[in-house]
Amino acid sequence: MVTFGAQKSRLFLISAIALYTEVVLIRWMSAEIRMFAYLKNFTLFACFLGLGLGMMRRGRSRTEKLLAVLLATLVLMLAFAPQLHLTRLFFPDVGVYQWGGNLHSPQLLPAARALPVLGAVLRHVPDAFVPWMLAIFALVVGSALFCLVLAIFYRIGVLVGECLAAAGSPLQAYTLNLAGSLVGTLAFTALVFFSLPPWAWILPVFAGLVYFSSQRTRDAVILGAALTVIAVTEIRSPVQWSPYYRITYVAGEGDSYRLDVDHDFYQSLLNLGPSAKTSGLESPRRYYDFPYSILPFCGRVLIIGAGTGNDVAAALRARCASVDAVEIDPAIATLGRKLHPEHPYNSSKVRIHITDGRAFFHQARAAGQRFDVIVFGLVDSQTALSVMSSLRLEFFLYSRESFEEALSLLDPQHGLFVVGFSVGWKDWVAQRIYHTLELANGGEPLAVKASEYLGTVSFVAGPGQNQAAAQLAEMPDVHPVGAELAPVAAKVVRDDWPFLYQNPRSFPFVYLGSLGLVLIAGAYLVRGVAGRSDGAARNRLDWTMFFMGSAFLLVETKNLSQLSLLFGATWITNAAVFSSIFVMAIVANLIVERRPVPPLPFLFALLWAALLLSYFVPFSDLTSLSPLGRGLIGGGVTALPVLFSSLIFAKMFQQTHDASNALGSNILGGLFGGALEASSIWLGIKAMALLAITVYGAAAFFRRRATSAASPTSPVGT
């Protein structure tokens, strides 16, 4: 017989396992299956749907016996994704750009036909049908993976629900759930910090689920065998894991290397020194040397997105006085120091800064630094900023406000700002960068093709632009393209609308349709779970908690985006935001449990006021403040809605008669909130505050209706 104290320990442990497993699968799937690197929210939706359904259902089910088998199957599929042709799955929607994986991408056809097994079939298919066959294959396999994750988390949700029901008062149980989730978040953050591989990630998951299994020996054998296979495979593999990527590198011609992240090309480490002309590297050398060939004087250089050091090496070849190299990924910078044939990071002139580009702008402005040239390297993170956001890691770098910050750091006499971008067939991206830089610069920038390397276009602006234009007139190998870009209207990238890759010529029908199908499937499954309940009312969806979960996810997404703008779009910011949310929710629970709090209508009014405040506060302007000022104002404005929402939720949860059903409904609401977040592509980020106000209004309405129905004569919303 399990004691009451043991039940609390079990709840804490399964809550930690649930959150930890969620972040492990989201990170691993995005690294091994490229489609999920750009659509991490779909993995999150599968986790939410499974957890919510399981918590509402609870009790024995057939998935209990299958959990170990399902989990072992999923992790083996991820470990052998390249061999199973899963890595190159792409989302068949031209409105959702991913590297080398769109219907119109020129790389798609040769890459598909080069596949060992599937390619043999595709070689007999007419060119016009290959992308569509791949699209169908991707949708089928992606749906199967979604269902597999859902089934795994359904069983985990059942376990969480059972432990919640047995752990005493609802609010105390919820506090334990939050504490376990916080520990799960911090545990994975620690593994990421130490750059451990996936076999180390899944070891705690396997151990925890064996502990909760009713057939421990069998499940230990199944999961142990899968873990052994994965560990042996990874130990023999030259893969490195950074806080952001799965990294591999291979030796190229001569002393060069090719660096891949998450199975896609990222950068070549090139020797572009004196031997470049005799080794067929004229094109990349012209691209990397271009910023310094139009400078009258090269003193202080700032490089954003320094990578492994090609841009830094070019600055050193130009005999620049000093170079500040900003790179967000410490592992990539370390590989550059170790492998780059020109060894640029070993120069005494170079200072490496492991941070986000916007975060460095804030630091440089506070220190009063000025630069003769600021260069944006070929920055394409090839991954999403967060599991809950449509943003990508680098998007805030290409906003009007970011360009204005960069221009403000230039020498006022001759400084140049050079933005290089691998445009390729994405001409709308070049048009968008051109017009965004035009607004930031107060006039048309220069736009040229310095070489054919990777389909690059270089954009030039700043006080020294006229001198650069005169220099370009004497460079016949450099081809101006500004006349082609200027006449085409393009939506400007801003901090509130940073969607650089949004294709203006397409509508994301497949993406939105997929979201709709997930919601429809979720509604059907919720109805099925409710229909199975022993007491029909017990498992009915709690609409108040549902909308509380929907709105809260919108608030989380908005907060993460805005705090990333203030403190950098780094993994540390992500971990700090999510951990602080759990801490604040725990504090709210303790306040409600031990102190009197205002009635719900008053708390809802405070919540709506806080969200309105966050809508009107200009976060881009806060970047000019000191770190303390950004923390106090930006942190305070984003924290208030979380605090009031947590107090409201805690007060309502304290009064619930079915903690599992209430929390399950709340998690399912997060699925709906995640779908609503897609509207930020049209409405912008700060509009999520207004959308959250509306959804919280729906929660207040259903709360009032439920309270009135339960006790018509009592005061409403106490």
Trainee: May I ask you to test the Gln369-Leu409 pair for a side-chain heavy-atom distance under 4.5 Å?
Mentor: no
Trainee: Does any non-hydrogen side-chain atom of Leu454 lie less than 4.5 Å from one of Phe265?
Mentor: yes
Trainee: Between the main-chain N or O of Ile681 and the side-chain N or O of Trp497, is there a donor-acceptor pair closer than 3.5 Å?
Mentor: yes
Trainee: Looking only at side chains, do Thr308 and Gln267 share a donor and an acceptor under 3.5 Å apart?
Mentor: yes
Trainee: Can you tell me how far the CD atom of Glu452 sits from the OG atom of Ser283, to the nearest 0.5 Å?
Mentor: 6.5 Å
Trainee: Would you confirm whether Arg432, through its side chain, and Gln502, through its main-chain N or O, come within 3.5 Å as a donor-acceptor pair?
Mentor: yes
Trainee: Measure the spacing between CG of Asn559 and CD1 of Ile685 and express it to the nearest 0.5 Å.
Mentor: 11.5 Å
Trainee: Are Arg286 and Glu282 within salt-bridge range, i.e. N to O under 4.0 Å?
Mentor: no
Trainee: When you compare the side chain of Phe396 with that of Glu401, does any pair of heavy atoms fall below 4.5 Å?
Mentor: no
Trainee: Hey, is the main chain of Val239 close enough, under 3.5 Å, to the side chain of Thr248 for a donor-acceptor pair?
Mentor: no
Trainee: Hey, does the side chain of Asp372 reach the backbone of Asp411 with a donor-acceptor pair shorter than 3.5 angstrom?
Mentor: no
Trainee: Which is it for Phe395 and Tyr501 under the ring-ring contact (aromatic ring centres under 6.0 Å, His included) test, yes or no, and what are the steps along the way?
Mentor: CA-CA 9 Å; Phe395 274 5; Tyr501 291 136; 5.7 Å; yes
Trainee: Which distance, rounded to the nearest 0.5 Å, do you find between the CG of Leu416 and the CZ of Phe371?
Mentor: 14.5 Å
Trainee: Atom CD1 in Ile328, atom OG1 in Thr355: separation rounded to 0.5 Å?
Mentor: 7.0 Å
Trainee: Is the side chain of Ser579 donor-acceptor paired with the backbone N or O of Ala576 at a distance under 3.5 Å, no angle test?
Mentor: no
Trainee: Answer yes or no: is there a donor N or O on one side and an acceptor on the other, between the side chain of Asp496 and the main chain of Lys686, under 3.5 Å?
Mentor: yes
Trainee: Counting C-beta onward and ignoring hydrogens, is there a side-chain heavy-atom pair between Leu272 and Arg317 closer than 4.5 Å?
Mentor: yes
Trainee: Hey, is the main chain of Leu625 close enough, under 3.5 Å, to the side chain of Arg630 for a donor-acceptor pair?
Mentor: yes
Trainee: So, taking the atom named CG in Leu270 and the one named OH in Tyr257, what distance separates them when rounded to the nearest 0.5 Å?
Mentor: 12.5 Å
Trainee: Among Phe459, Tyr398, Tyr453, whose ring pair (Phe, Tyr, Trp, His ring centres under 6.0 Å) with Phe421 holds?
Mentor: Tyr398
Trainee: Can we call the ring centroids of Phe403 and Phe417 under 6.0 Å apart?
Mentor: yes
Trainee: Just verifying a value: how many Å separate Tyr266 OH and Asp260 CG, rounded to the nearest 0.5 Å?
Mentor: 12.0 Å
Trainee: Quick check: do Leu472 and Pro480 have side-chain heavy atoms less than 4.5 Å from each other?
Mentor: no
Trainee: Would you confirm whether Ser408, through its side chain, and Glu405, through its main-chain N or O, come within 3.5 Å as a donor-acceptor pair?
Mentor: yes
Trainee: Decide yes or no for Arg358 and Ser399: does some side-chain heavy atom of the first lie under 4.5 Å from some side-chain heavy atom of the second?
Mentor: yes
Trainee: Answer yes or no: is there a donor N or O on one side and an acceptor on the other, between the side chain of Ser256 and the main chain of Leu269, under 3.5 Å?
Mentor: no
Trainee: List the atom of Pro412, the atom of Pro463, and the distance in Å for their closest heavy-atom pair.
Mentor: O-CB, 3.4 Å
Trainee: Do side-chain atoms of Arg337 reach the backbone of Tyr345 as a donor and acceptor pair under 3.5 angstrom?
Mentor: yes
Trainee: Does a salt bridge link Arg246 with Asp262, judged by any charged N lying under 4.0 Å from a carboxylate O?
Mentor: no
